[in-house]
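Following: one structure in C-alpha cells, then a few remarks.
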Amino acid sequence: MSEAIPVTRTVDHGTAKLMPDVDRERAWLLTVDGAPQSYVDLDEPGHLEFEYARRLGFALDLVDGPGRPLDAVHLGGGALTLPRYLAAIRPGSRQHVVEADRGLLDLIAERLPLPEGSGIAVHAADARAWLEAAPDDSADVIVADVFGGSRVPAHLTSLAYAREAERVLRAGGVYLANLADGAPFGFLRSQLATFAAVFEELALVAEPGVLRGRRFGNAVLVASHRPFDMAGLARRAAADAFPARVEHGAALRDFTGGARPVRDADAVASPEPPDGAFGIG
C-alpha cells in the first residue's frame, strides 16, 4: 500500500481527490469536484462514515433476513463503500457495481483495491443501460446512489427506469436510492409518486430537519412489493448519532400529495444543492 498522502487525478467526469483520514489508519475520503462521494475504511469496511450511507446500510441489514448472502446491484460506484460493507456483513454475497466513470474506477482499483474473493464485479457503464440489459428476477436488492456532480441524473428518475428496476428485482426484492432535495420537495415528491406507481411498499428515511423543509439534504427511498421491516428500520435510524425519521404509509402519501409519476420526456435531474450543502473545506 502506498504512503497515505492525498491523491488528485483528473477522471472522466471531473477531478477526483483521495484524502487520508488522520484519525483512522487506512481510511480515505473521496471527493469529485469538491463534492464528497465516498468514505472507505479498508481495515473496517463495516464502518459507514456518511449519515446517508448508514441509512442505506440500515435498510441493507434488513433485506431478506440479517446475515444471509444477497445478489446485489449497485448503481453508482464511487469508492465502493456499500459493496464493501455488504461483503463484510453478508459474506458470500454476489454483487455487481455499475459506475459510468472508468477513470474513477481505475483510480479506486489502484489506490483502494478490493480484497481477493470479495464477490464484487465492477462494470464501467451507464447505470440505466446496464440495468436494461440485466436479466429478469436476478437481484435481491438494487442500491441506486448515482450523482452527476451533486445531482441525480434525469434518466434515473422516470417511470420507465423504475419499471426496469422492478423487472430486475426478485419478487421479494428491495430497491434503495439515495436522493437529495429541499423544500418545496418537487423532486422528492415526484420520485415518491413514480415509485408508488410500481411498488406497493414505500418508505423515506431522512433527518427531521430535512423533512420539515428547514434545509436541503439527503433522503433514502425504500421500495418493495412485500412489506418491509419498517419498525426495525425506524429503530436503527432513530438510534443513529444523527437521528433520522422513517415516513411510510399514510404520512408518506400525504407528503407526496398530488405529485405525478415522471415520464422520460419530462424527467429532470435533482436540484442543484445550495452552496455549502454537501461541500467540504
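Just so you know, residue 1 is the first one in the sequence shown, and it goes up from there. Remember, predicted model here, so these are calculated numbers, not experimental data.
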Counting only heavy atoms not in [X], do more than 12 fall under 6.0 Å of its [atom1]?
X	atom1	result
Glu25	CD	no
Arg151	CZ	yes
Arg167	CZ	yes

Distance, nearest 0.5 Å, that separates [atom1] of [X] from [atom2] of [Y]:
X	Y	atom1	atom2	result
Met19	Thr31	CE	OG1	4.0 Å
Glu164	Leu159	CD	CG	11.0 Å
Arg84	Ile120	CZ	CD1	7.0 Å
Ser38	Leu104	OG	CG	7.5 Å
His74	Leu80	NE2	CG	9.0 Å
Thr81	Arg54	OG1	CZ	12.5 Å

Flag, side chain of [X] to backbone of [Y], donor-acceptor distance under 3.5 Å:
X	Y	value
Arg111	Val7	no
Ser224	Val174	no
Arg94	Gly119	no
Asp21	Ala27	no
Glu99	Asp101	yes

Heavy atoms only: give me the nearest [X]-[Y] pair and the separation to one decimal.
X	Y	result
Asp12	Arg102	OD2-N, 3.2 Å
Phe147	Asp145	CE1-OD1, 3.5 Å
Ser270	Ala180	CB-O, 3.9 Å
Ala203	Val246	CB-CG1, 4.2 Å
Ile142	Ala139	CG1-CB, 4.4 Å

May I ask you to say whether [X] pairs ionically with [Y], meaning some side-chain N is under 4.0 Å from a carboxylate O?
X	Y	answer
Glu49	Arg24	no
Asp106	Arg9	no
Glu207	Arg214	no

Inset, instruction - Could you label the plane-to-plane angle of the Phe50 and Tyr52 rings as parallel, tilted or perpendicular, counting under 30° as parallel and over 60° as perpendicular? - result: tilted
Legend entry - Parallel, tilted or perpendicular: rings of Tyr161 and Tyr175 (30°, 60°): perpendicular
Legend entry - Criterion side-chain contact (heavy atoms from CB on, under 4.5 Å) against Thr157, the qualifying member of Asp264, Val262, Asp266: Val262
Legend entry - Any donor-acceptor N or O pair under 3.5 Å, side chains Ser158, Arg128: yes
Inset, instruction - Go through the steps for Ile108 and Leu114 under the test side-chain contact (heavy atoms from CB on, under 4.5 Å), then give the verdict. - result: CA-CA 9 Å; Ile108 298 306; Leu114 292 166; over 6 Å; no
Inset, instruction - Please list all pairs passing the side chain to side chain donor-acceptor pair (under 3.5 Å) test where one or both residues lie in residues 189-205, with sequence neighbours left out. - result: Glu200-His225
Inset, instruction - Look at the side-chain heavy atoms of Ile, Leu, Val, Met, Phe, Trp and Tyr, link any pair under 4.5 Å apart, and say whether Val268 and Phe216 land in one connected group. - result: no
Legend entry - Hphob cluster co-occupancy, Leu18 + Leu42, side-chain heavy atoms under 4.5 angstrom: yes
Legend entry - Side-chain touch His47/Tyr39, heavy atoms, less than 4.5 angstrom: yes
Inset, instruction - Determine, step by step, whether Arg26 and Asp43 satisfy the salt bridge (charged side-chain N to carboxylate O under 4.0 Å, His left out) criterion, reporting the C-alpha distance in whole Å, the side-chain angles of both residues, the deciding distance to 0.1 Å, and the verdict. - result: CA-CA 6 Å; Arg26 293 213 307 150; Asp43 290 331; 3.0 Å; yes
Inset, instruction - For Asp33, check side chain to side chain donor-acceptor pair (under 3.5 Å) against everything at least two apart and list the hits. - result: none
